[in-house]
Every structure is written in C-alpha cells, then in structure tokens.
Amino acid sequence: MTRGREEGYGMGEGCGTGVRTVTFVVGTGRSGSTALSRVLREHPAVLSLNELGATAMRDATLGEEPLSGREFWALVTEPHEMFDNMIRSGVPLPEFLYNRSPGRYAAETTGIPALSLMVLPHLTDDPDGLLDALAPRVTGWPVRPGPRHWEALFEVLAEYGGGASAAVERSGYSTGSIPSLHRAFPHARFVHLFRDGPDCALSMSRHTGFRFITQLLEMTELAGVASPSELTPEQVAALPPHLSALLAGRFDPALVLERSLPVTRFGALWSRLVAEGVENLSVVPEEARTTLSYERLLAAPHAELARLARFLDVEPLPDWLDTGAAMLDGSRCGTALRLPPAELAALRESCAPGTAALRQDAAGQQM
C-alpha cells in the first residue's frame with residue numbers, strides 16, 4: 001500500500017466491501033517482523049498495520065462490550081504510558097516512528113496518541129493529518145462491539161491507501177494475544193513468524209524493549225503477580241530500587257542499557273514465547289494458520305513471499321516479490337555462532353524447549 005495519496009485522504013462515505021481478509025502475523029519479536037511489515041506495505045493490495053496490537057488494541061476494544069465511536073476513538077488514541085515513559089527517559093524502541101519526525105504531539109507534553117506511534121507513520125508521511133481525518137469519521141460511528149469498530153477502521157484505512165483487500169496486522173511479542181484476537185476476529189488468519197532461537201535471543205539481549213521487558217517480568221516474579229499492571233504501591237516499594245525506578249515517568253536509561261543481563265535469560269524468554277505461540281495457535285482452524293521461518297524467508301525470499309501472498313489471498317506480483325527480496329537482509333543469520341563456545345552452548349540449552357515445541361508443531365502439521 002502506498003504511503004498516502006496525492007489527492008488527499010480518500011475518506012468518503014462508502015465503506016465495508018474492500019477488505020476481504022484479516023491476518024495477524026504473530027511471534028516473539030526480533031524475528032524479522034518489522035522488515036516483513038515494510039515488505040507487506042509495498043504490496044498494493046495489502047493494508048500493513050505495523051504494531052497495531054502492541055500500541056492501540058487494548059483489551060476493551062477486543063471484547064463484546066458495546067462502545068460508541070467516540071469511546072472507541074478515545075481508547076485507540078490514548079497515549080501508551082509506558083512507551084511515552086521510555087521516550088522521555090531516552091530509551092525509545094528503535095521501532096518507534098512518530099518521535100523520529102515529531103509533529104504536534106510529544107511524550108514530554110501531550111503524550112503521543114497510541115495510533116500515531118507506530119501505525120500511522122508506517123502508512124503516511126503526515127500522521128497528524130491522517131489522525132485528524134480519521135477523528136470525525138470514527139467518532140460518529142454507532143454503538144457496537146470493539147472488533148466491529150476495528151473492522152470498520154481497517155476499511156477506512158484501506159480506502160485511504162487506494163483500496164487494499166487484505167489487512168495484515170503485525171506486532172512483536174504477540175504470542176500471548178492470540179486467544180483474544182481469535183475470539184474477536186473468528187474468521188481471521190494467523191501467521192506464526194519465528195527465528196532460530198539463539199540468534200533471536202541474542203538480538204533480544206541487545207534490544208531496548210526486550211531488556212525492559214525482562215526486567216518487568218522480574219518484577220512480576222518477585223511480587224507474585226501476573227503483570228506489572230497488578231503491582232500495588234506496597235509491592236512496588238518492596239522491589240529492588242533498580243527495578244522499581246523503571247515504573248517512574250522518567251528513569252535513568254542506564255538501568256535498561258547498562259545492566260548486566262545474561263543472554264540465557266533471553267533464550268528462556270524465547271522458548272516460553274515460542275511454546276506459547278504454538279499452543280495458542282493449536283485452537284485456530286488448520287486452514288486459517290501457517291508458519292513462516294525467518295531463515296527460510298531469507299534463503300528463498302521469492303518462494304516464501306509468494307506462499308505468504310497466497311495465504312493472505314493477494315496476488316504474488318512479480319515486481320513486489322523482487323522488491324521484497326531486495327529489502328531483506330540475509331546477513332542476520334547465524335549471529336549467535338560468534339559467541340564463545342561455552343556461552344553458545346548455554347544459550348542453546350535455554351532455547352531447547354522452544355526448539356522442541358517448533359519441531360513438534362512441524363511434525364504435527366506434516367501428519
């Protein structure tokens with residue numbers, strides 16, 4: 001889908017017939033998913049929804065509780081507090097887009113609308129203009145469940161992009177969202193994107209977001225809660241200072257960038273997320289799910305992108321296949337092999353449960 005149209009935002013009243021399929025690309029993150037979103041954006045029939053689930057698909061928008069258009073819009077544009085805190089603290093995720101060329105919103109003052117942080121800048125060079133054009137349209141929608149609002153928003157964004165027929169949402173660290181997405185969009189398709197465990201874990205260990213995530217998980221383990229949102233003030237006060245400080249509106253970036261975190265911790269996280277993805281996808285009808293190996297994608301980009309296009313129900317256009325193949329960086333394979341032998345062996349051991357889950361899943365699909 002092109003990044004905006006010269007003649008304007010194309011948001012007339014006609015809506016509801018363009019998007020035929022909705023697909024979610026799910027995975028651990030650090031598995032080539034951001035590059036895949038860029039490749040998908042180049043296909044004229046694909047609406048590429050980059051990190052929509054990570055930023056704006058809040059739980060309240062995925063349930064059956066009726067929402068007015070105004071309520072839905074407020075939820076999807078409310079700034080993401082933790083992401084704004086990271087920007088203010090000098091450790092933004094490299095995937096954040098809006099803060100690179102900021103418009104009238106800023107983490108320091110207004111907060112960045114959730115929809116604007118990574119979704120709209122992926123589609124247009126004028127995210128503020130697109131947000132402004134969307135607001136009166138969406139706030140006027142009738143009362144209905146959140147998923148029906150999302151489907152209508154996909155239609156509007158597809159109109160803006162010139163008439164895409166397939167909406168593809170892609171977020172990293174998304175394996176835990178599969179059940180709620182499947183309930184909200186029972187006819188949606190799913191692609192499980194995964195990468196070699198040691199390579200992926202090593203990439204996680206160097207990534208701001210995953211270094212932050214592992215410390216959030218450490219907090220929940222110490223406090224005995226399921227998520228950081230459940231922490232009470234008393235539990236936060238009992239945490240080690242280097243952890244509790246991360247929950248402030250502004251914190252020392254060294255807490256994320258410089259703390260020594262063993263790479264095996266990220267291997268264990270990779271294993272947990274991969275196993276979670278395999279298990280959660282097992283309830284999705286077989287014809288509505290597929291897998292995509294990052295290594296196979298790099299080794300045979302034309303064949304794998306063509307297979308993906310057919311799964312998405314769009315044409316594997318030759319020009320798009322050439323463009324997509326040229327956008328993929330094959331040098332990222334085998335990076336973990338450069339680790340000292342003992343460290344590599346320990347990392348492989350931490351990744352073993354996830355590797356076994358992938359093998360078992362692949363064997364089941366071949367039966």
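All values below come from the heavy atoms of this structure, side chains included, with hydrogens, waters and symmetry mates left out. If you're wondering where the values come from, they're calculated on a predicted model, not measured in any experiment.
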Determine which pairs satisfy salt bridge (Lys or Arg N to Asp or Glu O under 4.0 Å) with at least one residue from residues 324-334, sequence neighbours left out, and list them in order.
-> Asp329-Arg332

For residues 68-89, which residue pairs qualify under salt bridge (Lys or Arg N to Asp or Glu O under 4.0 Å), counting only residues two or more places apart or in two chains?
-> none

How would you list, by chain and number, every residue that makes a side chain to side chain contact (heavy atoms under 4.5 Å, CB included) with [X], sequence neighbours excluded?
X      : result
Leu222 : Glu218, Leu239, Pro240, Leu243
Val225 : Thr220, Ala223, Glu230, Leu231, Gln235
Asp313 : Arg20, Thr21, Arg189

Going from CD on Glu304 to CG on Leu321, what distance comes out if it is rounded to the nearest 0.5 angstrom?
->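 The CG atom of Leu321 is 11.5 Å from CD of Glu304, to the nearest 0.5 Å.
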
Taking atom types as modelled, find out whether Arg265 and Thr214 have a side-chain donor-acceptor pair closer than 3.5 angstrom.
->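 Thr214 and Arg265 do not have a side-chain donor-acceptor pair below 3.5 Å.
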
Sequence neighbours left out, what passes salt bridge (charged side-chain N to carboxylate O under 4.0 Å, His left out) with Arg310? Give chain and number order.
->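 Salt bridge (charged side-chain N to carboxylate O under 4.0 Å, His left out) check on Arg310 returns nothing, list empty.
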
Which pairs with one or both residues in [range] pass ring-ring contact (aromatic ring centres under 6.0 Å, His included), sequence neighbours excluded?
range            : result
residues 228-279 : Phe212-Phe251
residues 48-73   : Phe72-His149, Phe72-Trp150
residues 94-119  : Phe83-Phe96

Would you give me the side-chain donor-acceptor pairs under 3.5 Å for residues 342-353, sequence neighbours excluded?
from	atom 1	to	atom 2	distance (Å)
Ser350	OG	Leu347	O	2.7

Check residues 288-302 and write down every donor-acceptor pair under 3.5 Å in which the side-chain atom is one partner and the other belongs to a residue at least two apart or another chain.
from	atom 1	to	atom 2	distance (Å)
Arg289	NE	Leu281	O	3.2
Arg289	NE	Val284	O	2.7
Thr290	OG1	Arg307	NH1	3.0
Ser293	OG	Glu295	N	3.3
Ser293	OG	Arg296	N	3.2
Glu295	OE1	Asp196	N	3.2
Glu295	OE2	Asp196	N	3.0
His302	NE2	Asp322	OD1	2.9

Check against side-chain contact (heavy atoms from CB on, under 4.5 Å), Leu52 and Leu115 | CA-CA 7 Å; Leu52 179 65; Leu115 205 59; 3.7 Å; yes

Tabulate below the donor-acceptor pairs under 3.5 Å that side-chain atoms of residues 178-187 make, not counting sequence neighbours, or state none.
from	atom 1	to	atom 2	distance (Å)
Ser180	OG	Ser177	O	3.0

Could you walk me through whether Leu123 and Leu47 pass side-chain contact (heavy atoms from CB on, under 4.5 Å), step by step?
-> CA-CA 9 Å; Leu123 299 176; Leu47 168 64; 4.2 Å; yes

